[in-house]
Protein chains: 2
Amino acid sequence: MQTSPAITTKCVDCAIRHRAVCSRCGGDELARLEEIKYYRRYNSGETITIAGETMDFVGSIISGVATLTQTMEDGRTQMVGLLLPSDFVGRPGRSSAVYDVVAVSDVVMCCFRRIPFENLLGATPAVAGRLLEMTLDELDSAREWMLVLGRKTAREKIASLLVIIARRAGSPCTESSPGNIWFNLPLTRDAMSDYLGLTLETVSRQMSALRRDGVIRLEGNRHVVIPDMRRLMEEAGDDADGGLPG
Amino acid sequence: MQTSPAITTKCVDCAIRHRAVCSRCGGDELARLEEIKYYRRYNSGETITIAGETMDFVGSIISGVATLTQTMEDGRTQMVGLLLPSDFVGRPGRSSAVYDVVAVSDVVMCCFRRIPFENLLGATPAVAGRLLEMTLDELDSAREWMLVLGRKTAREKIASLLVIIARRAGSPCTESSPGNIWFNLPLTRDAMSDYLGLTLETVSRQMSALRRDGVIRLEGNRHVVIPDMRRLMEEAGDDADGGLPG
DNA sequence: CGGGTCGTTGACTGACTTCAACATAAGTGG
DNA sequence: CCACTTATGTTGAAGTCAGTCAACGACCCG
């Protein structure tokens, strides 16, 4: 981890300005956040927090991807959160981390020392309210994921993960047919298996099966193209509409 | 569901006063809550909310147990929350329910109409702050449950559920050896299977196995005695200490 | 070239599910 | 009081989906 005095972006110009914990702040409140914020960079693979250790800061992911995982004594691990830009890391009111947080790509974070941030929470309803809203959203995601873990087949699990990533990180294809969506998978097969409660072999097999069946196209191991979002959502067992236009 | 003008408990005397969303309120703030609150009763088996339908109130469970479940189109269901006294139901800022909430015993709730409660949230930091804290706790529980669903064996799942219920609803045995803990299971085998992502047959088999191995004692189908909490926690794969003294 | 990481595929195994029969208890109405 | 129904729980036998173990391929970097 490196503190980087080099980065001095103003909050107003920040890429996550409209989605992060600061999104409801007006000029005054933003100024107060600007005073106590600082940036940190992590290289891919670097640990951000370790379960059980002191955590004296909280913050937002500005760019990159990190994972939140829980590990049992015998080594079994379960990912319990996937942190993308604008997501919040850390828990106000608690001094030690409960989960391992690891950067799975190069990550830049906007950090606040925990105690000053907690004080600011009490004084700034715009921040407290937005944090409540984000936490409620996280809770909904966690509950949706409980359905995936508890009741879906391996194939449905893979499809569900691809839907979630496509929703948050996918881009419409520019050249090919306009309905297409693509993204670069931010996770290794092993990380995917940790997310889905599967083994990496099963992940690999089901990725191959979805490719064989034309549900996805793989260009290299990480580049995923989704020719028909609706089809993928059916494979995920989410027949509810509301996906990206396809 | 019956509205009951009969119940007119003052907030000060409420059984969940010190744990619910109102727990940080002082006299003034409590008075404001008292103005807009009303009680509702549900009989065991009654539906409190249906996913997708309008939900114009939020509130706290005062007594009884309710479940929060998600259902797929083909009927597979996953419980995503177990609501015990002091737990909060509903989401401020959203007008329709996302989950089915069902009373699994007779339930009494302390309700607030949603809009007035949302207004009060903005004006009462004691309530907003406590709701944030409770939501963060719920998120931690949900993440712990993701580990159970994704990585634990059937036997560990059952043990984990029993640990959670014992923690929140267990009583130390008065007559028998003081280390003992007992409780009445609030869930049928079928509801347990929905919680754990198993079939009810597997739940039944593993309950029998834990009984045969002396980890639990069953007196009737619902009354569970835990002779050694530490042993049960080992069976759950939670070797971390911090349980009740045993 | 060798060593490391990451990914794929095959053969076999096993934990949990599925299907089915049966047990127990409570409620209803004759 | 008893036959009948319904809800709940237990147990057995057979089937299957995903895990385990193992070999191999692609790629990168020193």
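Note that the structure is a prediction, hence the values are computed from the model and not measured.
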Rounded to whole Å, please give me the gap between NZ in B/Lys157 and P in C/dA15. 14 Å

Picking from C/dC16, C/dT18, D/dG9, which would you name as closest to the side chain of B/Gln206? C/dC16

Please state whether the rings of B/Trp145 and B/Tyr195 are parallel, tilted or perpendicular, taking 30° and 60° as the class boundaries. tilted

For D/dT11 and B/Ser208 - does any side-chain N or O of the residue sit under 4.0 Å from the phosphate oxygens OP1/OP2? yes

With a 3.5 Å cut-off and just heavy-atom distances, do the side chain of B/Glu201 and the base of C/dC19 make a donor-acceptor pair? yes

Can you tell me how far P of C/dG7 sits from CG of A/Leu198, to the nearest Å? 15 Å

Looking at A/Arg76 and B/Glu156, does any basic side-chain N land under 4.0 Å from a carboxylate oxygen? yes

Are any of A/Thr202's side-chain N or O atoms less than 4.0 Å away from OP1 or OP2 of D/dG19? yes

Looking at every strand, decide which applies to B/Leu200 at a 4.0 Å heavy-atom threshold: base, sugar-phosphate, or nothing. base

Between B/Asp194 and B/Arg189, is the closest basic N to carboxylate O distance under 4.0 Å? no

Return whichever of B/Arg205 or B/Asp190 has its heavy-atom-nearest nucleotide of DNA chain D closer to the 5' end. B/Asp190

With side chain to side chain contact (heavy atoms under 4.5 Å, CB included) as the criterion, how do B/Arg155 and B/Glu235 come out once you've worked through the C-alpha distance, each side chain's angles and the decisive distance to 0.1 Å? CA-CA 7 Å; B/Arg155 184 182 175 101; B/Glu235 292 285 356; 2.9 Å; yes

Mind checking B/Thr188 for me? I need base, sugar-phosphate or nothing, with any heavy atom below 4.0 Å counting as a touch. sugar-phosphate

Atom pair distance, as rounded to whole Å: CG in A/Leu149 and C1' in D/dA18: 15 Å

Give a yes/no answer on whether the side chain of B/Asn221 brings an N or O atom under 4.0 Å of OP1 or OP2 in D/dT10. yes

Does B/Gly197 reach a base, just sugar-phosphate, or nothing at all? Heavy atoms under 4.0 Å. sugar-phosphate

Figure out the NE2/P separation between A/His223 and D/dA26, and round it to whole Å. 21 Å

Separation of atom CZ in B/Arg151 from atom C1' in D/dT20, rounded to whole Å: 13 Å

Taking only the side-chain nitrogens and oxygens of A/Ser204, find out if one of them lies under 4.0 Å from OP1 or OP2 of C/dT9. no

D/dT10 P sits how many Å from B/Ile158 CD1, rounded? 10 Å

Heavy atoms from C-beta onward define the side chain here; which of C/dT17, D/dT11, C/dT8 lies closest to that of B/Arg211? D/dT11

Starting at atom NZ of B/Lys152, determine the distance to atom P of C/dA15, rounded to an integer number of angstrom. 18 Å

Cation-pi geometry met for A/Arg91 and A/Tyr99 (6.0 Å, 45°): no

So, does B/Arg155 get its side chain near the phosphate of C/dA15, meaning an N or O under 4.0 Å from OP1 or OP2? no

If I take atom CZ in residue A/Arg222 and atom C1' in nucleotide C/dG7, what distance separates them, rounded to the nearest angstrom? 10 Å

